[in-house]
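Let me begin by presenting the structure, written as structure tokens, before commenting on it.
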There are 2 protein chains.
Amino acid sequence: MKEAKRNALEKKGWRVGSAGDLLGLSDEEMTLIELKLVMARSVKVRRQGSRLSQEQLAKMIHSSQSRVAKMEAGDRSVSIELLLRALLRLGTTKRELARMIADAA
Amino acid sequence: MKEAKRNALEKKGWRVGSAGDLLGLSDEEMTLIELKLVMARSVKVRRQGSRLSQEQLAKMIHSSQSRVAKMEAGDRSVSIELLLRALLRLGTTKRELARMIADAA
DNA sequence: AGAGGATATGTCATTTTCGACATAAGTCAA
DNA sequence: TTGACTTATGTCGAAAATGACATATCCTCT
């Protein structure tokens with residue numbers, strides 16, 4: 001993995017290949033991270049496309065502005081469940097979700 | 001929703017249409033639940049297809065037999081993340097995951 | 001410049017999910 | 001039947017994720 005990419009991930013709270021973990025993450029873990037990042041980007045694009053503020057989207061999914069911000073930033077503390085909840089609430093179809101996963105990683 | 005189906009969900013810990021929640025779950029919440037159940041079934045099928053015990057699969061994903069059992073039972077306490085982890089570890093391709101999501105709900 | 005709205009970042013108490021363990025309940029061959 | 005596996009279910013303290021809140025930063029206006 002490129003150093004710049006690793007640094008970007010670590011900024012978001014991901015621990016990618018720390019000192020004691022010479023080989024880094026497993027393929028499955030990397031796939032999950034990449035999937036989260038794809039979903040995060042999609043949330044942002046879709047929200048902006050719908051001309052909603054983070055605050056408005058937060059209300060729609062019974063969350064908070066700060067959590068939406070973290071979602072879109074790809075923060076490690078955000079679960080796939082919450083990302084899915086947001087995407088579905090933004091009208092993402094199952095077909096689109098499927099495409100998203102197929103494209104991830 | 002059919003009463004039998006609701007009862008089956010509640011057995012697994014899901015709260016579907018409790019007394020104070022006359023209208024039941026939102027479409028998005030139902031979709032998430034259905035997705036989890038589809039993934040749960042797939043984990044079981046794939047594990048059995050690979051002739052692995054729950055204990056063996058548990059080790060492969062650094063979890064425990066009881067959690068795998070709960071996964072396959074569609075228990076509410078199991079996250080989509082863990083289900084994804086198991087499916088990926090069982091060799092599920094992104095294409096197959098995509099198909100799974102498109103089929104859900 | 002300053003005001004107002006949006007977004008980013010950090011923290012915290014509560015809730016959810018976690019692995020682990022014990023144990024019950026199935027399955028099946030000897 | 002007995003015994004060895006396997007799976008189901010309940011519980012627990014630990015860890016992760018959550019909504020909420022405060023506050024900082026960033027943009028657009030005027």
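A note on names: the letters A, B, ... follow the listed sequences, proteins ahead of strands, and every chain is numbered from 1. What's counted below: heavy atoms across the whole structure, side chains too, no hydrogens, waters or symmetry copies.
Using modelled atom types, one finds a donor on one side chain and an acceptor on the other under 3.5 Å when comparing A/Gln65 with A/Gln54.
Here the side chains of B/Arg6 and B/Glu3 are in contact, with some heavy-atom distance below 4.5 Å. Side-chain atoms of A/Thr92 and A/Val43, non-hydrogen and from C-beta on, never get closer than 4.5 Å to each other. Counting heavy atoms from C-beta on, the side chains of A/Arg76 and A/Arg15 come closer than 4.5 Å.
Of all heavy-atom pairs spanning A/Ala102 and B/Ala98, the tightest one is CB-CB, 4.1 Å. Heavy atoms only, all atoms of each residue included: A/Met71 and A/Ile61 are closest at SD-CD1, 4.5 Å. Counting all heavy atoms, side chain and backbone alike, A/Lys5 lies closest to A/Glu34 at NZ-OE2, 3.3 Å. The shortest heavy-atom contact between A/Ser63 and A/Arg67 is OG-CB, 3.4 Å.
Using a 4.0 Å cut-off on heavy atoms, the residues of residues 44-55 of chain B that approach DNA chain D are B/Lys44, B/Arg47, B/Ser53, B/Gln54, listed by number. The stretch residues 83-91 of chain A has no heavy atom under 4.0 Å from DNA chain D, so no residue of it qualifies as close. Only A/Ser66, A/Arg67, A/Lys70, A/Arg76, listed by number, bring a heavy atom of residues 65-76 of chain A to less than 4.0 angstrom from any atom of DNA chain D.
Within a 6.0 Å sphere centred on CZ of A/Arg99, heavy atoms belonging to other residues, nucleotides or ligands number 12 at most.
At the heavy-atom level, B/Ser64 lies under 4.0 Å from base atoms of the strands shown.
Between the CG atom of B/Leu82 and the C1' atom of C/dT16 there is a distance of 13 Å, rounded to whole Å. Rounded to whole Å, the distance from CD on A/Glu81 to P on C/dT17 is 6 Å.
Close approach of DNA chain D to chain A, defined as any atom under 4.0 Å from a non-hydrogen atom of the protein, starts and stops at D/dA17 to D/dC21.
The backbone N or O of A/Val45 sits nowhere less than 3.5 Å from a side-chain atom of A/Gln48 that would complete a donor-acceptor pair. With B/Trp14 contributing its side chain and B/Asp75 its backbone, the two residues share no donor-acceptor pair below 3.5 Å.
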Expected list for residues 79-88 of chain B: side-chain donor-acceptor pairs under 3.5 angstrom, two or more places apart:
{"unit_1": "B/Ser79", "atom_1": "OG", "unit_2": "B/Glu81", "atom_2": "N", "d": "3.4"}
{"unit_1": "B/Ser79", "atom_1": "OG", "unit_2": "B/Leu82", "atom_2": "N", "d": "3.1"}
{"unit_1": "B/Glu81", "atom_1": "OE2", "unit_2": "A/Lys36", "atom_2": "NZ", "d": "3.1"}
{"unit_1": "B/Glu81", "atom_1": "OE2", "unit_2": "A/Ile80", "atom_2": "N", "d": "2.9"}

Next on the checklist: Both atom distances under 3.5 Å, Watson-Crick or G-U wobble: I'd like the secondary structure of DNA chain D as a dot-bracket string, with | for pairs made across strands.
Outcome noted: ||||||||||||||||||||||||||||||
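A/Glu72 and A/Arg47 are joined by a salt bridge, as a carboxylate oxygen and a charged side-chain nitrogen come within less than 4.0 angstrom of each other. Note on B/Glu29 versus A/Arg89: no salt bridge recorded, every NZ/NE/NH1/NH2 to OD/OE distance being 4.0 Å or above.
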Checklist entry - Could you go step by step and tell me if B/Thr31 and B/Glu28 meet the side chain to side chain donor-acceptor pair (under 3.5 Å) rule? => result CA-CA 5 Å; B/Thr31 299; B/Glu28 293 89 13; over 6 Å; no
